Amino acid sequence: MISQMKRALEEYEVDDTIKLIILKGQGKAFCAGGDVVRFVQLVSEGHWSLAARFYQKQLLLDYLIATYNKPLVVLMNGVVMGGGAGLSMNASFRVVTENTVFAMPEASIGHFPDVGASYFLSRLSGHFGEYLGLTGAKISGSEMLKCGLATHFVFSKDIKSLEAELSKTAHDDVSTIPSTLEKFIHKSNLEQDSAWTRLDIINKCFSKKSVEDILTSLETEVVRCGDKWMANAINSMKRASPTSLKICLKSIREGRSSTLEECLRRDYIVSRHMVRRTFNNDFFEGSRAMFFDKDKRPQWNPSRLENVGDEFVKKFFSDVDNDDDWDCLALPNRKIRKIKTSKL
């Protein structure tokens with residue numbers, strides 16, 4: 001699917017008869033990140049080169065979308081997780097509905113939010129990106145709009161009409177795309193217990209220097225106010241891989257001062273270490289517990305945050321000797337064309 005999408009987008013980009021690209025999911029989800037299972041199967045069967053090419057193409061596709069030279073509208077009418085976030089968050093126009101659910105739960109399986117997440121999560125207001133990456137929390141379409149992950153909110157019943165109108169107007173004049181989208185937008189209301197309305201507390205806790213300090217701050221706050229979202233955040237972090245949590249935090253913090261290209265290359269380096277089990281087996285152990293045996297009891301190594309030192313974490317970000325299967329990620333020389341979107 002990734003190969004087909006990449007090939008099609010490359011063809012559409014140079015086809016003068018095509019003015020607009022609409023990317024949507026088939027079924028109830030946009031993209032739920034089911035690529036992990038197939039990836040683990042390939043590696044477990046010894047197909048290193050196939051797994052490497054798969055991941056390279058995935059990141060190259062994400063980069064192609066981010067630098068696309070034609071307007072690209074993503075309709076996220078359903079679940080958006082993992083690899084789906086890489087496809088959608090790098091697009092020009094990101095449309096959500098009341099059915100949209102977004103999450104980056106990679107730390108719960110011993111991986112980390114990749115596909116450029118350190119770029120788009122680090123650019124959210126305050127430290128909301130750290131909150132999403134470290135906890136894997138699910139947020140709604142309304143919350144995505146408020147925090148900046150989405151550009152427009154449309155009711156799902158209007159999606160087909162929106163598609164038809166976009167196809168009609170964009171064919172004549174692509175500059176009408178923002179105004180066409182605005183015809184269909186609706187005000188989105190946040191739930192009373194939305195974490196976004198607690199941004200002050202999130203900033204207070206998730207701005208701390210280390211994962212340990214973040215957890216301590218959350219535990220102090222939950223005793224004081226007892227918010228359910230906070231208890232859920234604590235429980236999620238305590239269940240996740242300690243190594244993955246620290247990699248996630250370092251990745252997002254470094255992402256704030258990095259270009260998208262640097263973030264994608266860093267994702268590739270870290271993932272290569274995880275897949276090669278260079279320093280631990282957490283990715284495969286987490287995948288076993290969640291997707292294969294489904295006992296939901298991964299045995300992390302190291303098993304405690306205090307045993308995951310800074311020097312150990314830095315090793316995941318260091319390049320290794322060239323590998324015939326896992327060469328350095330070579331991104332093409334492309335420039336991002338600024339496409340005006342609505343500020344709602």
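This is a predicted model, so every value here is computed, not measured.
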Under a single-linkage definition using a 4.5 Å side-chain heavy-atom cutoff for Ile, Leu, Val, Met, Phe, Trp and Tyr, are W300 and M290 assigned to the same hydrophobic cluster? no
Do D295 and R288 meet the salt-bridge criterion of a basic N to acidic O distance under 4.0 Å? yes
Is the count of non-hydrogen atoms from other residues, nucleotides or ligands lying under 6.0 Å from F184 atom CZ greater than 12? yes
Only one of I247, L249, V308 clears side chain to side chain contact (heavy atoms under 4.5 Å, CB included) with V211; which? L249
Can you tell me how far the CZ atom of F316 sits from the OG1 atom of T243, to the nearest 0.5 Å? 5.5 Å
N-O pairing of E13 and R334 below 4.0 Å: yes
Can you name the nearest heavy-atom pair linking V222 to M230, along with the distance? N-SD, 3.3 Å
Can I get a per-line list of side-chain donor-acceptor pairs under 3.5 Å for residues 106-118, giving both atom names and the distance, sequence neighbours left out?
residue: S108; atom: OG; partner: P105; partner atom: O; Å: 2.6
residue: H111; atom: NE2; partner: S271; partner atom: OG; Å: 3.4
residue: D114; atom: OD2; partner: Y55; partner atom: OH; Å: 2.6

How about CD on Q26, more than 12 heavy atoms from neighbouring residues, nucleotides or ligands closer than 6.0 Å, or not? no
Assess whether side-chain contact (heavy atoms from CB on, under 4.5 Å) is satisfied between I252 and C248, documenting all intermediate values. CA-CA 6 Å; I252 292 175; C248 172; 3.9 Å; yes
Taking all atoms of both residues into account, what is the closest heavy-atom pair of S287 and V36, and its distance? OG-CG1, 4.0 Å
Do S156 and E98 get their side chains close enough for a donor-acceptor pair, meaning under 3.5 Å? yes
For a side-chain contact (heavy atoms from CB on, under 4.5 Å) check, start with the C-alpha distance between E285 and N280, then their side-chain angles and the critical distance, and finish with the verdict. CA-CA 10 Å; E285 173 60 15; N280 71 7; over 6 Å; no
Taking the six-membered ring of F284 as reference, does the NZ or CZ atom of R277 fall below 6.0 Å from its centre and within a 45° cone about the axis? yes
Is atom CZ of R297 surrounded by more than 12 heavy atoms (other residues, nucleotides or ligands) closer than 6.0 Å? no
For atom CD of E45, decide whether the heavy atoms of other residues, nucleotides or ligands shown that lie under 6.0 angstrom number more than 12. yes
Would R266 pass as a cation-pi partner of Y268, given that its NZ or CZ must be under 6.0 Å from the six-membered ring centre and within 45 degrees of the axis? no
Of all the heavy-atom pairs spanning L20 and P71, show the shortest one and how long it is. CD1-O, 3.5 Å
Single-linkage hydrophobic cluster M5~V14, side-chain heavy atoms < 4.5 angstrom: no
Hey, can you tell me if F102 and F120 have their rings parallel, tilted or perpendicular (30° and 60° cut-offs)? perpendicular
Is it true that, when you exclude E163 itself, more than 12 heavy atoms of the residues, nucleotides or ligands shown sit nearer than 6.0 Å to its CD? yes
Return the orientation label for the F283 and F39 ring planes: parallel under 30°, perpendicular over 60°, tilted otherwise. tilted
More than 12 heavy atoms of other residues, nucleotides or ligands under 6.0 Å from CG of D310: yes or no? no
Determine whether V40 and F292 satisfy the following criterion, side-chain contact (heavy atoms from CB on, under 4.5 Å), listing intermediate values before the conclusion. CA-CA 10 Å; V40 171; F292 295 94; 3.8 Å; yes
Taking the side chain as C-beta and beyond, is there a heavy-atom pair between L149 and R94 under 4.5 Å? no
Without hydrogens or angle criteria, can the side chains of N77 and N99 be said to hold a donor-acceptor pair below 3.5 Å? yes
Between E219 and R224, is there a salt bridge with N-O shorter than 4.0 Å? no
Indicate yes or no: does E262 engage R265 in a salt bridge with an N to O separation below 4.0 Å. no
T135 side chain to S236 side chain, donor-acceptor N/O pair below 3.5 angstrom: no
Does H47, at its NE2 atom, have more than 12 non-hydrogen atoms belonging to other residues, nucleotides or ligands within less than 6.0 Å? yes
Tell me if the aromatic rings of F155 and H186 count as close, with their centers under 6.0 Å from one another. yes
Is D158 reaching over with its side chain to a backbone N or O of V154, donor-acceptor style, under 3.5 angstrom? no
L75, V95, V73, V74 screened by side chain to side chain contact (heavy atoms under 4.5 Å, CB included) with K24, the one that passes: L75
I269 vs L329, test: side-chain contact (heavy atoms from CB on, under 4.5 Å). Steps then yes/no. CA-CA 8 Å; I269 290 171; L329 181 65; over 6 Å; no
If we count only N and O atoms by modelled type, under 3.5 Å, do the side chains of S217 and K204 hold a donor and an acceptor together? no
Consider only side-chain heavy atoms of I, L, V, M, F, W and Y, link residues closer than 4.5 Å, and tell whether L61 and L50 are in one cluster. no
If two hydrophobic side chains count as joined below 4.5 Å and joins carry through other members, does L42 share a cluster with M274? no
Go through the structure and list residues passing salt bridge (Lys or Arg N to Asp or Glu O under 4.0 Å) with K183, not counting sequence neighbours. E165
Taking distance alone, no hydrogens or angles, what donor-acceptor pairs closer than 3.5 Å link side-chain atoms of residues 194-201 to residues at least two apart or in another chain?
residue: S194; atom: OG; partner: E143; partner atom: OE2; Å: 2.6
residue: S194; atom: OG; partner: W196; partner atom: N; Å: 3.2
residue: T197; atom: OG1; partner: S194; partner atom: O; Å: 2.6
residue: R198; atom: NE; partner: D227; partner atom: OD2; Å: 3.3
residue: R198; atom: NH1; partner: Q192; partner atom: O; Å: 2.7
residue: R198; atom: NH1; partner: S194; partner atom: O; Å: 3.3

Please answer whether the main-chain N or O of T176 pairs with a side-chain N or O of S179 as donor and acceptor at a distance below 3.5 Å. yes
Examine K250 relative to F317 and say whether NZ or CZ is less than 6.0 Å from the centre of the six-membered ring and inside a 45° cone about the ring axis. yes
